[in-house]
Amino acid sequence: MALTTSASRAIRQTVPAVARQLVVCSGSGAAPRQHFRTPTSRLIRCGSGVRRSFSSTRSWRSAPIPTVNRGDSKLFESADDAVADIKSGSVILSSGFGLCGVANTLIHALRRRGPESLHSLTAVSNNAGAEGRGGLALLTEAGQVDRMIMSFLGSNKKLERQYLTGKIAVELCPQGTLAERIRAAGSGIPAFFTPTGGHTLVQEGAIPARFDADGNVVEYGKPRETRKFNGRPFLMETALAGDVAILRAWKVDKAGNCVFRYTTKSFAPLMAKAAKLSIVEAENIVEIGEIEPNDVDLPGIFIDRIVPATVDSQIEILKTRSTSEDNEGKSATGSKSDALVRRNRIAKRAAKELKHGFYVNLGVGIPTLAPSFLPTGEQVWIQSENGILGMGDYPLPEEVDPDIVNAGKETVTLVPGAATFDSSESFAMIRGGHVDVSILGALQVSASGDLANYMIPGKVFKGMGGAMDLVSNPDNTKIVVATEHVAKDGSSKIVQSCSLPLTGARVVSTIITDLCVFEVDRKRGTLTLTEIAPGIDVDYVKSRTDATFDVADKLKTME
């Protein structure tokens, strides 16, 4: 399958750069290492060219699992008892999103086993917890994890250093693909095809998975088999099973039936189904029959062991609002700063893309401001990819609930009529084209609608999260970019061809900046300037834009 010209060029240019420049020393003022050596090599086709690559992600074998006897009681007195027979080398599926819904009681028990007793674990999770606070960070810091499979590193600096110095391997996987791989494993499906990651480094298997102590890349991901269905390219992804799943539930009866609160169900039901042995820590353990059958989120057939939760839920990012007027962005004289004026101009124009009753997904930053500019009486349903449809504002201090967080791991509220669900259902909405509009930020957007928004070679690579999934069905979900026109260094974000690794190829339909609005013809690969900000002329836009563009016959003024 041939890549688009711009996508192929971007991958050919960035693969060597990624290998060299991802190796960034953590610490005070250390210069990036630029080592680039080739271990076991092989040839991989990339567009019309051929490149030599490093060894790909290894095939790992899981460890023997503890015995499960169906007739035994599922209740264990403590988490320590429940994890005492877990073997080194096991694949651990760890539920939760950020610190929401994380099985911290069980993780603490695993850590108490110590690296002498329990080590070489492969941990699968959306992210790796918060450094020094909770989640899988407690196990990676203790040296018990050899490999992480995840979608986002986040701000875990210690894990970042371990990754860049060869102490731990990290396989980065798009969030929706991660959820579906786990769901497939629990359903007995060995592989599936997805549009997510097409024309990106994921397809090429070009994201480093392991470095050595000197910062040389010694292992890459695995190139994906591709196939076309109905004229669209899809990547083959394999199921991801585990030896042991650890999860946290709000209420569990002694038969193992589970009830989860709000966004704690993001990965929990999926992981319980995909593991050979599933252990749940319960905030409330009740007798059989006390949970109504209609209220069961996860049937007891998927649960083998139950322990009481003894570690309180944690909040990773506490965000609240006040009842007083928000003065953020105002200067000492009370006037709005230039930066806020620009952001509000973009958000106000982005709001015009949201029609009454639309289902929308909003990226972090400027896109989240758009609903505040909707006309009175108009409502949109905001989807958050961790499992919310009907997300509301930040809570008042007295409304904070650790079980309700957004995709940025911030505390939020739910509007009347909201629904919560697991991550596979969330990404079914996204990939299936059921979301009307998705508004994202960008590092670069090309004239043909290519989007790059998840990494800059030479800086630390955090992971793609759900971004690749969000742009995977641009024919049914309109992709809008809302961003400032130029980067902090003055370089244009609107380019002829992306030089940064792609999030998606030919996916963006509309670009909204503080200077203007472009409409993208994704088939022809062209830009048309349709609106311009007050006080700005076409020549100024041209001087700040790397890409070539046409000008609409009736050029409008941005309101």
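Counting heavy atoms of neighbouring residues, nucleotides and ligands inside a 6.0 Å radius, atom CG of Asp553 does not exceed 12 of them. More than 12 heavy atoms of other residues, nucleotides or ligands shown are found within 6.0 angstrom of CG on Asp489. When the shell of 6.0 Å around CD of Glu378 is examined, it contains more than 12 heavy atoms from other residues, nucleotides or ligands. Dense packing is recorded around CZ of Phe549, with more than 12 heavy atoms of other residues, nucleotides or ligands lying under 6.0 Å away.
What you find for Arg431 and Thr177 is that their closest heavy atoms are NH1-N, 4.5 Å. Heavy atoms only, all atoms of each residue included: Met148 and Ile168 are closest at CG-CD1, 3.8 Å. Taking every heavy atom of both residues into account, Pro208 and Ala206 meet most closely at CD-O, 3.6 Å. Ala447 and Val520 get closest at one heavy-atom pair: O-CG1, 3.6 Å. Contact detail for Arg181 and Thr238: the closest heavy-atom pair is NE-O, 2.7 Å. Closest heavy-atom contact between Gly166 and Arg210: O-NH1, 3.7 Å.
One side chain, Ser151 or Asn126, offers a donor N or O that lies under 3.5 Å from an acceptor on the other. Judged purely by distance below 3.5 Å, without hydrogens or angles, the side chains of Ser499 and Gln444 pair a donor atom with an acceptor atom. Between the side chains of Asn453 and Thr503, a donor-acceptor pair is found at a separation under 3.5 Å. Between the side chains of Glu385 and Asn361, at least one donor N or O sits under 3.5 Å from an acceptor N or O. Side chain to side chain, Thr545 and His485 meet the donor-acceptor criterion of an N or O pair below 3.5 Å. Using modelled atom types and a 3.5 Å distance limit, the side chains of Asp393 and Thr413 yield no donor-acceptor pair. Side-chain contact annotation: Thr528 with Thr530, donor-acceptor N/O pair under 3.5 Å absent.
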(request) Could you check Val412 against Val405 for side chain to side chain contact (heavy atoms under 4.5 Å, CB included), going step by step and ending with a plain yes or no? (result) CA-CA 5 Å; Val412 291; Val405 302; 5.5 Å; no
(request) Could you check Val170 against Met150 for side chain to side chain contact (heavy atoms under 4.5 Å, CB included), going step by step and ending with a plain yes or no? (result) CA-CA 7 Å; Val170 175; Met150 60 198 299; 3.9 Å; yes
(request) Step by step, work out the side chain to side chain contact (heavy atoms under 4.5 Å, CB included) result for Thr510 and Phe518. (result) CA-CA 6 Å; Thr510 301; Phe518 290 110; over 6 Å; no
(request) I would like to know whether Phe97 and Val102 meet side chain to side chain contact (heavy atoms under 4.5 Å, CB included); could you show each step before the answer? (result) CA-CA 7 Å; Phe97 191 89; Val102 170; over 6 Å; no
(message) Applying side chain to side chain donor-acceptor pair (under 3.5 Å) to Asp521 and Thr526, what does each step give before you reach the verdict?
(response) CA-CA 5 Å; Asp521 187 323; Thr526 58; 4.5 Å; no
(message) One pair to check against side chain to side chain donor-acceptor pair (under 3.5 Å): Ser426 and Gln383. What are the steps and the verdict?
(response) CA-CA 8 Å; Ser426 180; Gln383 198 253 19; 3.0 Å; yes
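Using a distance-only test at 3.5 Å, with no hydrogens or angles considered, a donor-acceptor pair links the side chain of Gln496 to the main chain of Thr548. The main-chain N or O of Arg544 is found under 3.5 Å from a side-chain atom of Ser492 such that the two form a donor-acceptor pair. Within the 3.5 Å criterion, the main-chain N or O of Tyr359 finds a donor-acceptor partner in the side chain of Asp436. Checking side-chain atoms of Arg506 against main-chain N and O of Asp450 turns up no donor-acceptor pair under 3.5 Å. Proximity of a side-chain donor or acceptor of Thr513 to a complementary backbone N or O of Cys516 within less than 3.5 Å is detected. For Thr420 (side chain) and Thr263 (main-chain N/O), no donor-acceptor pair under 3.5 Å exists by modelled atom type. Of the possible donor and acceptor atoms, none in the side chain of Ser491 sits under 3.5 Å from a partner among the backbone N and O of Ala487. Formation of a donor-acceptor pair under 3.5 Å by the Ser337 side chain with backbone atoms of Leu340 is found in this model. Looking only at distances, no side-chain donor or acceptor of Ser424 sits under 3.5 Å from a matching main-chain atom of Ala179. Looking at Arg321, its side chain does come within 3.5 Å of a backbone N or O of Tyr394 through a donor-acceptor pair.
Counting heavy atoms from C-beta outward, Ile317 and Lys319 have side chains that approach closer than 4.5 Å. Ile439 is not listed as a side-chain neighbour of Val360, based on a closest heavy-atom distance of 4.5 Å or more. When side chains are defined from C-beta on, Leu527 does not count as touching Glu519, because their heavy atoms never get closer than 4.5 Å. Taking 4.5 Å as the limit, some side-chain heavy atom of Met464 sits within range of a side-chain heavy atom of Pro174. Side chains of Phe234 and Arg227 form no contact here, defined as non-hydrogen atoms less than 4.5 Å apart. Looking at Glu237 and Phe192, their side chains come closer than 4.5 Å, going by heavy atoms from C-beta outward. Within the 4.5 Å cutoff, no side-chain heavy atoms of Ile511 are placed close to those of Val480. Side-chain contact between Val538 and Ile532 is present, with heavy atoms from C-beta onward closer than 4.5 Å.
A salt bridge does not link Lys222 to Glu171: none of the charged side-chain nitrogens sits closer than 4.0 Å to a carboxylate oxygen. The existence of a salt bridge linking Lys493 and Glu484 is excluded, since no basic side-chain nitrogen approaches an acidic carboxylate oxygen closer than 4.0 Å. In this structure, Arg349 pairs ionically with Glu531, as a charged nitrogen and a carboxylate oxygen lie closer than 4.0 Å. Between Glu160 and Lys158 no salt bridge is recorded (no basic side-chain N to carboxylate O distance below 4.0 Å). A salt bridge links Glu353 with Lys478: the distance from a Lys NZ or Arg NE/NH1/NH2 to an Asp or Glu carboxylate oxygen falls below 4.0 Å. Using a 4.0 Å cut-off between charged nitrogen and carboxylate oxygen, Glu131 and Lys157 do not count as a salt-bridge pair.
The structure places CG of Leu159 at 5.0 Å from CG of Leu153, a figure rounded to the nearest 0.5 Å. Here the straight-line distance linking atom CD1 of Ile479 with atom CG of Leu470 works out to 7.0 Å at 0.5 Å rounding. Remark: Asp514 CG to Asn344 CG distance equals 12.0 Å, nearest 0.5 Å. Here the CG-OG1 distance, from Leu555 to Thr557, works out to 7.0 Å after rounding to the nearest 0.5 Å. A distance of 9.5 Å separates CG of Leu414 from CE of Met391, quoted to the nearest 0.5 Å. Rounded to the nearest 0.5 Å, atoms CG (Asn127) and CG (Leu99) are 8.0 Å apart.
Between Phe211 and Tyr163, the angle of the ring planes goes over 60°, which puts this pair in the perpendicular group of the 30/60° scheme.
Between Tyr454 and the options Leu201, Leu502, Leu500, a side chain to side chain contact (heavy atoms under 4.5 Å, CB included) holds for only Leu201.
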